[in-house]
Amino acid sequence: MAKLYFRYGAMNSGKSTALLQAAYNYEERGQQVLLAKPGVDAKGDRDIVSRLGVARGVHFLIGTGDDVLRTFFEHRRRVLAATGSPVACLLIDEAQFLTPAQVNDLLRIAVVQDVPVLAYGIRTDFRTEAFPGSARLLEIAHSLEELKTICRCGRKALFNARRIGDAYVFDGAQVAIDTIDAVAYESLCAECYLAESGGVLDGEAVPVAAEQFGPDADFS
């Protein structure tokens with residue numbers, strides 16, 4: 001039986017690069033793959049774009065209301081007709097933007113259709129809240145793998161902080177694509193995130209002023 005894999009990490013942890021490498025590995029062995037990403041990820045248009053500068057077009061985009069199982073069947077038939085070979089793997093970039101129902105379809109593809117599904121994405125948004133797609137993947141994926149990156153201080157990065165210009169922001173819409181919506185993101189460890197947010201987590205602040213929050217703060 002094939003499996004559903006969720007490979008997650010903070011921003012700049014190499015998720016798209018790892019996806020493109022996995023696709024290359026399959027194709028180097030003469031196997032067919034399908035690449036897809038949610039349409040809400042406007043960065044790169046129809047391309048999966050690695051921060052290393054590598055890009056590759058997807059076979060299909062996934063809209064918010066799309067039936068992923070039906071779309072997979074359609075493209076699998078096209079691949080088989082064009083190449084005479086079955087699809088060996090489905091790879092999904094930016095999987096955090098999928099709906100829970102679409103993630104359920106990924107599990108059905110893996111288990112019922114016996115096609116491995118490799119989903120790549122981030123767990124939480126800039127407010128440290130789980131994306132719906134990521135939350136469902138964490139619940140049902142057969143395999144979870146964290147792709148690691150480091151914070152500016154050298155510690156392991158855990159959170160994704162949003163910046164507008166030089167200012168960090170901790171409220172707003174959950175989805176704002178960097179390079180498209182005039183925002184930028186930075187991967188931070190828990191310590192640096194709390195220092196920048198003044199102790200705010202998930203929209204709830206500790207009862208101290210931001211300038212009081214630090215390693216020497218007294219919460220007694």
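Atoms considered below: every heavy atom in the structure, side chains included; atoms not considered: hydrogens, waters and symmetry mates.
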Euclidean distance, [Y] [atom2] relative to [X] [atom1], rounded to 0.5 Å:
{"X": "Ile92", "Y": "Gln102", "atom1": "CD1", "atom2": "CD", "value": "9.5 Å"}
{"X": "Asp105", "Y": "Arg70", "atom1": "CG", "atom2": "CZ", "value": "10.5 Å"}
{"X": "Phe6", "Y": "Ile140", "atom1": "CZ", "atom2": "CD1", "value": "11.0 Å"}
{"X": "Glu186", "Y": "Cys192", "atom1": "CD", "atom2": "SG", "value": "8.0 Å"}
{"X": "Lys148", "Y": "Glu146", "atom1": "NZ", "atom2": "CD", "value": "5.0 Å"}
{"X": "Asn160", "Y": "Met11", "atom1": "CG", "atom2": "CE", "value": "6.0 Å"}

Pairing donors with acceptors under 3.5 angstrom, does anything connect the side chains of [X] and [Y]?
{"X": "Gln32", "Y": "Arg76", "value": "no"}
{"X": "Tyr168", "Y": "Arg163", "value": "no"}
{"X": "Asn12", "Y": "Thr149", "value": "no"}
{"X": "Ser50", "Y": "Thr17", "value": "yes"}

Self-check item: Lys/Arg N to Asp/Glu carboxylate O, Lys15 vs Glu145, below 4.0 Å
Solution: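 Here Lys15 does not pair with Glu145 in a salt bridge, since their nearest N and O are not under 4.0 Å apart.
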
Practice problem: Considering only NZ, NE, NH1 and NH2 on the basic side and carboxylate oxygens on the acidic side, decide whether Glu191 and Arg152 come within less than 4.0 Å. | Solution: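 No, Glu191 and Arg152 are not salt-bridged.
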
Practice problem: Show the numbers, then the answer: is there a side chain to side chain contact (heavy atoms under 4.5 Å, CB included) between Asp125 and Phe131? | Solution: CA-CA 7 Å; Asp125 64 16; Phe131 285 96; 3.6 Å; yes

Quiz item: If only atom types and distance count, is the side chain of Arg29 paired as donor or acceptor with the main-chain N or O of Asn25 below 3.5 Å?
Solution: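 Yes, Arg29 side chain to Asn25 backbone: donor-acceptor pair under 3.5 Å.
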
Exercise. For the pair Ser134 (side chain) and Ala130 (backbone), establish whether a donor and an acceptor sit closer than 3.5 Å, ignoring hydrogens and angles.
Key: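 No, because the side chain of Ser134 does not come within donor-acceptor range (under 3.5 Å) of the backbone of Ala130.
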
Any link between [X] and [Y] through a network of hydrophobic side chains (Ile, Leu, Val, Met, Phe, Trp, Tyr) touching at under 4.5 Å?
{"X": "Val117", "Y": "Val58", "value": "no"}
{"X": "Val111", "Y": "Phe72", "value": "yes"}
{"X": "Leu35", "Y": "Leu98", "value": "no"}
{"X": "Leu34", "Y": "Ile62", "value": "yes"}
{"X": "Ile48", "Y": "Leu118", "value": "yes"}

Practice problem: Evaluate the side chain to side chain contact (heavy atoms under 4.5 Å, CB included) criterion for residues Asp66 and Phe60: first the C-alpha distance (whole Å), next the side-chain angles of each, then the deciding distance (0.1 Å), finally the verdict. | Solution: CA-CA 11 Å; Asp66 286 357; Phe60 59 93; over 6 Å; no

Shortest non-hydrogen separation from [X] to [Y] and the atoms involved:
{"X": "Val169", "Y": "Phe126", "result": "O-CD1, 3.4 Å"}
{"X": "Leu91", "Y": "Ala22", "result": "CD2-CB, 3.8 Å"}
{"X": "Ile122", "Y": "Ala10", "result": "CG2-C, 4.2 Å"}
{"X": "Leu188", "Y": "Ala161", "result": "CD1-CB, 3.5 Å"}
{"X": "Ala2", "Y": "Asp114", "result": "N-OD1, 2.8 Å"}
{"X": "Ser16", "Y": "Asp93", "result": "OG-OD2, 3.0 Å"}

Exercise. Could you pull out all residues at least two apart from Arg123 that satisfy salt bridge (charged side-chain N to carboxylate O under 4.0 Å, His left out)?
Key: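 Checked Arg123 against salt bridge (charged side-chain N to carboxylate O under 4.0 Å, His left out); zero matches.
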
Exercise. Identify, with sequence neighbours excluded, every residue that meets salt bridge (charged side-chain N to carboxylate O under 4.0 Å, His left out) alongside Arg77.
Key: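 By the salt bridge (charged side-chain N to carboxylate O under 4.0 Å, His left out) rule, Arg77 matches no residue at all.
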
Quiz item: Sequence neighbours excluded, which residues qualify as ring pair (Phe, Tyr, Trp, His ring centres under 6.0 Å) partners of His142?
Solution: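 None.
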
Exercise. Can you establish whether the number of heavy atoms outside Tyr24 located under 6.0 Å from its atom OH is more than 12?
Key: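 12 or below, so no.
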
Quiz item: Taking side chain as C-beta onward, heavy atoms only, is Arg155 less than 4.5 Å from Ile150?
Solution: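 No, side chains not in contact.
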
Quiz item: Checking side chain to side chain contact (heavy atoms under 4.5 Å, CB included) for the pair Cys189/Leu158: CA distance, chi angles, key distance, verdict?
Solution: CA-CA 5 Å; Cys189 67; Leu158 184 64; 5.7 Å; no

Practice problem: Test side chain to side chain contact (heavy atoms under 4.5 Å, CB included) on Ile109 and Val68 and set out the steps. | Solution: CA-CA 9 Å; Ile109 290 168; Val68 173; 4.2 Å; yes

Practice problem: Go through the steps to decide whether Tyr120 and Tyr8 satisfy the test ring-ring contact (aromatic ring centres under 6.0 Å, His included), and finish with yes or no. | Solution: CA-CA 6 Å; Tyr120 295 77; Tyr8 63 90; over 10 Å; no

